[in-house]
Visitor: 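Following this message is one structure expressed as structure tokens.
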Amino acid sequence: NVSGNLIKEMMSFFLNIQICFASYFILAIILVTFAAYAYYVNASRPADDPQKKKYHASGIFIMPFFWPFFWSVGCRLAF
């Protein structure tokens, strides 16, 4: 049955896309949590601490959209 196989293939493709988006979302949430914690630790340092950096809080919310790009560029440069 050709139409049955086509529907089966379309459903498996749809499920793979769902798994891909779910994995991206979970990893993005983990990375945002790490970035927010790093920002919090840095913000709690005294102003005269030489290890204190100037991070922008907007970077925490922008990061989920840009990390795949930076990861792929980093992999290409490393190999």
Visitor: Pairs in or reaching into residues 58-67: which pass salt bridge (charged side-chain N to carboxylate O under 4.0 Å, His left out), with residues at least two apart or in two chains?
Guide: none
Visitor: Determine all donor-acceptor pairs shorter than 3.5 Å in which one atom belongs to a side chain in residues 29-42; sequence neighbours excluded.
Guide:
from: T33; atom 1: OG1; to: I29; atom 2: O; distance (Å): 2.8
from: N42; atom 1: OD1; to: K53; atom 2: N; distance (Å): 3.0
from: N42; atom 1: ND2; to: K53; atom 2: O; distance (Å): 2.8

Visitor: Name each donor-acceptor pair under 3.5 Å that joins a side chain in residues 55-71 to protein atoms two or more places apart or in another chain, with its distance.
Guide:
none

Visitor: Report the residues that fulfil side-chain hydrogen bond (donor to acceptor under 3.5 Å, both in side chains) with D49, sequence neighbours left out, ordered by chain and then residue number.
Guide: R45
